[in-house]
Amino acid sequence: MRLTTAEVFDIVWDWVRSSPLYTVVPVMYPYKFPEVTPTNPLKGEFLVINTLTNVVGDTQVATVNVNIYVPDETPTVNKVKQRFPNHKRLKELTKVAYGSLQGVPASGRMFFDLSSETLISEEEIPYSLANIKVTLKKY
(Lines give C-alpha, C1' and ligand atoms only; values in the text may rest on other atoms or scores of the structure.)
Protein backbone atom coordinates (compact mmCIF):
# COMPACT_ATOMS: atom_id res chain seq x y z
CA MET A 1 0.00 0.00 0.00
CA ARG A 2 1.27 3.47 -0.90
CA LEU A 3 1.09 6.39 1.51
CA THR A 4 -0.57 9.66 0.58
CA THR A 5 1.27 12.95 0.98
CA ALA A 6 -0.88 13.73 4.04
CA GLU A 7 0.00 10.37 5.61
CA VAL A 8 3.73 10.92 5.07
CA PHE A 9 3.44 14.41 6.56
CA ASP A 10 1.53 13.06 9.59
CA ILE A 11 4.19 10.42 10.29
CA VAL A 12 6.98 13.01 10.41
CA TRP A 13 4.84 15.64 12.24
CA ASP A 14 3.82 13.17 14.95
CA TRP A 15 7.35 11.86 15.27
CA VAL A 16 8.80 15.35 15.75
CA ARG A 17 6.10 16.19 18.35
CA SER A 18 7.24 13.23 20.46
CA SER A 19 10.98 13.81 19.94
CA PRO A 20 13.73 15.73 21.77
CA LEU A 21 13.58 18.36 19.00
CA TYR A 22 10.06 19.34 20.12
CA THR A 23 11.32 19.57 23.69
CA VAL A 24 13.79 22.32 22.71
CA VAL A 25 11.68 23.99 19.98
CA PRO A 26 8.00 23.45 20.92
CA VAL A 27 6.50 25.90 18.38
CA MET A 28 5.61 24.18 15.10
CA TYR A 29 3.72 25.31 12.00
CA PRO A 30 2.40 22.96 9.32
CA TYR A 31 3.08 23.55 5.63
CA LYS A 32 3.85 27.27 5.60
CA PHE A 33 5.56 30.12 7.34
CA PRO A 34 3.32 31.82 9.93
CA GLU A 35 1.57 35.06 9.01
CA VAL A 36 3.44 37.98 10.50
CA THR A 37 1.52 41.11 11.49
CA PRO A 38 2.11 43.94 13.96
CA THR A 39 -0.15 42.11 16.43
CA ASN A 40 1.45 38.72 15.63
CA PRO A 41 5.22 39.34 15.34
CA LEU A 42 7.73 36.52 15.11
CA LYS A 43 9.17 35.46 18.45
CA GLY A 44 11.91 32.98 19.28
CA GLU A 45 12.71 29.71 17.56
CA PHE A 46 10.17 27.63 15.67
CA LEU A 47 9.77 24.78 13.19
CA VAL A 48 7.94 24.68 9.86
CA ILE A 49 7.27 21.22 8.43
CA ASN A 50 5.99 20.67 4.89
CA THR A 51 6.02 18.12 2.11
CA LEU A 52 7.82 18.59 -1.19
CA THR A 53 7.15 15.55 -3.33
CA ASN A 54 5.45 12.19 -3.26
CA VAL A 55 6.29 10.13 -6.32
CA VAL A 56 4.29 6.93 -6.39
CA GLY A 57 5.53 4.19 -8.70
CA ASP A 58 7.50 0.98 -8.34
CA THR A 59 9.41 2.81 -5.63
CA GLN A 60 7.57 5.51 -3.69
CA VAL A 61 9.79 8.46 -2.82
CA ALA A 62 8.44 11.28 -0.66
CA THR A 63 10.33 14.25 0.75
CA VAL A 64 9.45 16.27 3.85
CA ASN A 65 11.14 19.52 4.88
CA VAL A 66 11.85 20.15 8.55
CA ASN A 67 12.88 23.81 8.82
CA ILE A 68 14.37 25.08 12.07
CA TYR A 69 14.11 28.88 12.29
CA VAL A 70 16.44 30.76 14.65
CA PRO A 71 16.55 34.56 15.10
CA ASP A 72 19.65 36.17 13.64
CA GLU A 73 22.21 37.83 15.84
CA THR A 74 22.30 41.62 15.41
CA PRO A 75 25.58 43.01 16.75
CA THR A 76 26.65 46.60 16.17
CA VAL A 77 29.88 46.85 14.17
CA ASN A 78 31.39 50.32 13.67
CA LYS A 79 28.13 51.87 14.92
CA VAL A 80 26.13 49.99 12.27
CA LYS A 81 23.72 47.22 13.22
CA GLN A 82 24.61 44.00 11.35
CA ARG A 83 22.68 40.79 10.86
CA PHE A 84 24.33 37.38 11.10
CA PRO A 85 22.97 33.83 11.38
CA ASN A 86 23.24 32.43 14.90
CA HIS A 87 25.48 29.57 13.75
CA LYS A 88 26.08 28.28 17.26
CA ARG A 89 22.36 27.80 17.98
CA LEU A 90 21.60 26.46 14.49
CA LYS A 91 24.38 23.91 14.94
CA GLU A 92 23.01 22.81 18.33
CA LEU A 93 19.45 22.45 17.04
CA THR A 94 20.54 20.67 13.86
CA LYS A 95 22.36 18.06 15.96
CA VAL A 96 19.21 17.56 18.06
CA ALA A 97 17.16 17.28 14.85
CA TYR A 98 19.53 14.68 13.37
CA GLY A 99 19.20 12.57 16.50
CA SER A 100 15.43 13.05 16.58
CA LEU A 101 14.79 12.35 12.90
CA GLN A 102 17.10 9.32 12.57
CA GLY A 103 14.49 7.05 14.09
CA VAL A 104 11.36 8.09 12.21
CA PRO A 105 9.37 4.85 12.23
CA ALA A 106 8.91 2.86 9.08
CA SER A 107 7.68 -0.64 8.47
CA GLY A 108 8.01 -3.35 5.91
CA ARG A 109 10.00 -2.25 2.89
CA MET A 110 9.88 1.42 3.83
CA PHE A 111 12.46 3.65 5.46
CA PHE A 112 13.11 7.33 6.18
CA ASP A 113 16.48 8.90 5.55
CA LEU A 114 17.93 12.35 6.19
CA SER A 115 18.76 13.25 2.61
CA SER A 116 20.26 16.74 2.98
CA GLU A 117 20.66 19.80 5.17
CA THR A 118 21.15 23.40 4.10
CA LEU A 119 21.60 26.66 5.99
CA ILE A 120 19.45 29.46 4.55
CA SER A 121 19.37 33.10 5.58
CA GLU A 122 16.00 34.78 5.06
CA GLU A 123 16.07 38.24 3.46
CA GLU A 124 12.63 39.48 4.49
CA ILE A 125 12.81 38.52 8.16
CA PRO A 126 15.66 38.54 10.71
CA TYR A 127 15.87 34.74 10.78
CA SER A 128 18.06 32.00 9.38
CA LEU A 129 17.05 28.38 9.13
CA ALA A 130 18.41 24.88 8.88
CA ASN A 131 16.46 23.12 6.14
CA ILE A 132 16.56 19.36 6.71
CA LYS A 133 15.08 17.09 4.06
CA VAL A 134 13.70 13.77 5.28
CA THR A 135 13.12 11.29 2.44
CA LEU A 136 10.79 8.29 2.62
CA LYS A 137 11.56 5.39 0.31
CA LYS A 138 9.16 2.49 -0.04
CA TYR A 139 9.87 -0.52 -2.18
Hey, any chance [X] and [Y] share a hydrophobic cluster, counting ILVMFWY side chains that come within less than 4.5 Å of each other, even indirectly?
X	Y	answer
L52	F9	no
V24	V16	yes
V12	L93	yes
Y127	V70	no

Taking the side chain as everything from C-beta on, heavy atoms only, tell me whether [X] gets closer than 4.5 Å to [Y].
X	Y	value
N50	N67	yes
V66	V134	yes
Y69	L42	no
Y98	L114	yes
S100	V96	yes
L47	I68	yes
L3	V56	no

Nearest non-hydrogen partners of [X] and [Y], listed with the distance:
X	Y	answer
A97	L21	CB-CD2, 3.9 Å
M28	Y22	SD-CD1, 3.3 Å
F84	Q82	CE1-CB, 3.3 Å
P71	E45	CD-CG, 3.9 Å
E117	I132	CG-CG1, 3.8 Å

>> Checking side chain to side chain donor-acceptor pair (under 3.5 Å) between N54 and each of R2, Q60, E7, which is the one that passes?
In response: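 By the side chain to side chain donor-acceptor pair (under 3.5 Å) criterion, N54 pairs with just one of R2, Q60, E7: Q60.
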> In terms of side-chain heavy atoms, does S128 have a donor or acceptor partner in D72 at a distance below 3.5 Å?
Replying inline: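 S128 vs D72: donor-acceptor pair found between side chains.
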>> Can you see whether N131 engages K133 through a side-chain donor-acceptor pair at a distance of less than 3.5 angstrom?
In response: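 Note: N131 and K133 side chains meet the donor-acceptor criterion.
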Atom pairs and distances, side-chain donor-acceptor, residues 29-37, under 3.5 Å, sequence neighbours left out:
residue : atom : partner : partner atom : Å
T37     : OG1  : T39     : N            : 3.4
T37     : OG1  : T39     : OG1          : 3.2
T37     : OG1  : N40     : N            : 3.0

> Remaining members of V61's ILVMFWY cluster at a side-chain heavy-atom cut-off under 4.5 Å?
Replying inline: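 So far as hydrophobic clustering goes, V61 is joined with none.
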Let me confirm one number: the [atom1]-[atom2] distance from [X] to [Y], rounded to the nearest 0.5 Å.
X	Y	atom1	atom2	value
L119	L129	CG	CG	7.0 Å
N65	S115	CG	OG	8.5 Å
T4	D10	OG1	CG	7.5 Å
R83	T74	CZ	OG1	9.5 Å

>> Go through it in stages, so that I can follow the logic: the residues are V8 and V64, the test is side chain to side chain contact (heavy atoms under 4.5 Å, CB included), and I'd like the CA-CA distance, side-chain angles, deciding distance and then a yes or no.
In response: CA-CA 8 Å; V8 171; V64 178; 3.6 Å; yes
> In chain order, what residues pass the side chain to side chain donor-acceptor pair (under 3.5 Å) check against E92, with sequence neighbours excluded?
Replying inline: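 With neighbours one apart ignored, the set is R89.
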